[in-house]
Amino acid sequence: MSDVAFITGATSGFGRAAAHRFAEAGWSLVLSGRRGERLDALEAELADKVAVHAIVLDVRDDEAVQRAVDDLPEGFKRVRTLVNNAGLALAPQPAQKVALKDWHTMIDTNVTGLVNVTHALLPTLIEVGEGATIINVGSIAGQWPYPGSHVYGASKSFVKQFSYNLRCDLLGTGVRVTDLAPGIAETEFTLVRTGGDQVASDNLYRGTTALTAEDIAEQMFYISTLPAHINFNRLEVMPTRQAWSAFAIDRD
Ligand code: NDP
Ligand code: 8X3
C-alpha cells in the first residue's frame with residue numbers, strides 16, 4: 001500500500017508543489033485548502049498518477065478539521081507525513097498601523113489552524129510510528145526580526161517552539177517533527193500579504209533569485225524520506241542571494 005501524505009494549503013505555492021513532488025514518488029495524497037476549484041484542478045492533474053482525496057477545508061475550523069480526519073476514506077487513513085503548510089502573512093506595515101483583525105487572522109491560521117490539524121492527526125501518526133513525519137512550515141521570520149513582520153514572525157516563532165516541544169513529547173513514538181523555515185520564495189505569498197498588489201509582489205521578486213515552490217517541496221520530500229532514525233529539528237533555507245542586514249539605529 002502507498003504511503004499517505006496529508007498536505008494543507010495545497011491550492012498554491014509550496015503545498016501545490018509538494019503535492020506534485022509526493023505524487024512523483026507514488027504517494028497517496030490528502031490535499032486540502034479553501035479554494036475548491038483549485039483543488040479540483042489539482043486532483044485532475046494528479047489523479048492518473050496517484051490516489052487523491054481532496055477536501056475543501058479551512059484549517060481554522062477545528063470541528064471541520066476533526067471531521068475531515070475522522071472521515072478519511074480507506075486507503076487514506078494511515079497518514080505517514082503531515083505537511084502543515086497552510087498559512088499566510090498580512091499587513092506588512094508597521095505594527096501600530098495594522099488592523100487587529102489582520103493579526104487575528106494570522107494567529108487563527110498559522111497558530112490555531114496548525115495545532116488543529118496536528119491535534120486531529122497525532123493519534124494516527126503515533127499509530128504509524130517509526131518514519132511518521134510532521135513538517136511544520138515555519139519561516140526565517142520566526143527566527144529573525146524585521147520591520148512589518150510583527151504577528152506573522154511571532155506566529156512562526158510559535159511554529160518553531162511547538163515543533164521542538166512536540167519532539168519532547170513524541171520521543172519514543174518514532175514520530176519525527178521538523179520546523180521547515182524558508183526564506184524568500186516566489187509564490188502567491190506576497191500577493192496575499194499585500195492584499196492583492198501584483199506590482200508589489202513582482203517588485204519583491206524582481207532582479208534576484210528567490211527560492212521556488214519546487215525547491216521547498218523537494219526539502220519536504222527529503223525530510224519525509226530520510227532514514228527513520230534521523231530527525232531534522234529545524235531546517236532553515238534561504239536563497240543564496242538573501243542574507244541578514246545591519247541593525248537599524250534611530251538617530252537625532
Ligand atoms: P501561498 O499563498 O502560495 O499558499 C498559501 C496556501 O495556504 C494556500 O494554498 C492557501 O489556500 C492556504 N491557506 C491559507 N489560509 C488557509 C486556511 N485558513 N485554511 C486552509 N488553507 C489556507 O503561499 P506559500 O506557498 O508561500 O505559503 C505556504 C506556507 O509557507 C505558509 O505557511 C507561509 O507562511 C510559509 N512561508 C512562505 C514563504 C514565502 O516566502 N513564500 C517563506 C517562508 C514561509 P486557500 O487560500 O485555498 O485556502
Ligand atoms: C516569509 C519569508 O522573508 O517574507 O515567511 O519573512 S519572509
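Counting starts at 1 for both ligands and their atoms, in listed order. Both backbone and side-chain heavy atoms feed into the values below; hydrogens, waters and symmetry mates do not.
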How close does the nearest protein non-hydrogen atom get to [atom], and which residue and atom is it?
atom	answer
atom 4 (O) of ligand 2	R193 NH1, 3.1 Å
atom 3 (O) of ligand 2	I140 CD1, 3.5 Å
atom 25 (O) of ligand 1	F14 N, 2.9 Å
atom 7 (S) of ligand 2	Y146 OH, 3.5 Å

Which ligand 1 atoms does T109 reach within 4.0 Å, using its non-hydrogen atoms?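 Listed by number with element, the hits are 15 (N), 16 (C), 18 (N).
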
Atoms of ligand 1, numbered as shown, that sit under 4.0 Å from any heavy atom of S139: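 The list of qualifying atoms is 43 (C), 44 (C).
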
Atom 5 (C) of ligand 1: which of G87, A89, S32 has the nearest heavy atom?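 Looking at heavy atoms only, the winner is G87.
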
Give the single entry among V137, V59, N85, V117 that approaches atom 31 (C) of ligand 1 most closely by any heavy atom.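 Looking at heavy atoms only, N85 sits closest to atom 31 (C) of ligand 1.
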
Mark up the atoms of ligand 2 that fall under 4.0 Å of a heavy atom belonging to S139, in ascending order.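 Going through ligand 2 atom by atom, the ones under 4.0 Å from S139 are 1 (C), 2 (C), 5 (O), 6 (O).
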
A181 near ligand 1 by a heavy-atom separation under 4.0 Å: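 So A181 does not count as touching ligand 1.
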
Which of parallel (below 30°), tilted (30 to 60°) and perpendicular (above 60°) describes H150 and W103?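 Geometry flag for W103 against H150: tilted rings.
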
With backbone taken as N, CA, C and O and side chain as the heavy atoms from C-beta onward, which portion of L57 lies under 4.0 Å from ligand 1: side chain, backbone, both, or neither?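 It is the backbone that gets close, since no side chain atom is under 4.0 Å.
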
Donor-acceptor side-chain pairing of R167 and N233 below 3.5 angstrom: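 Present: a donor and an acceptor within the cut-off.
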
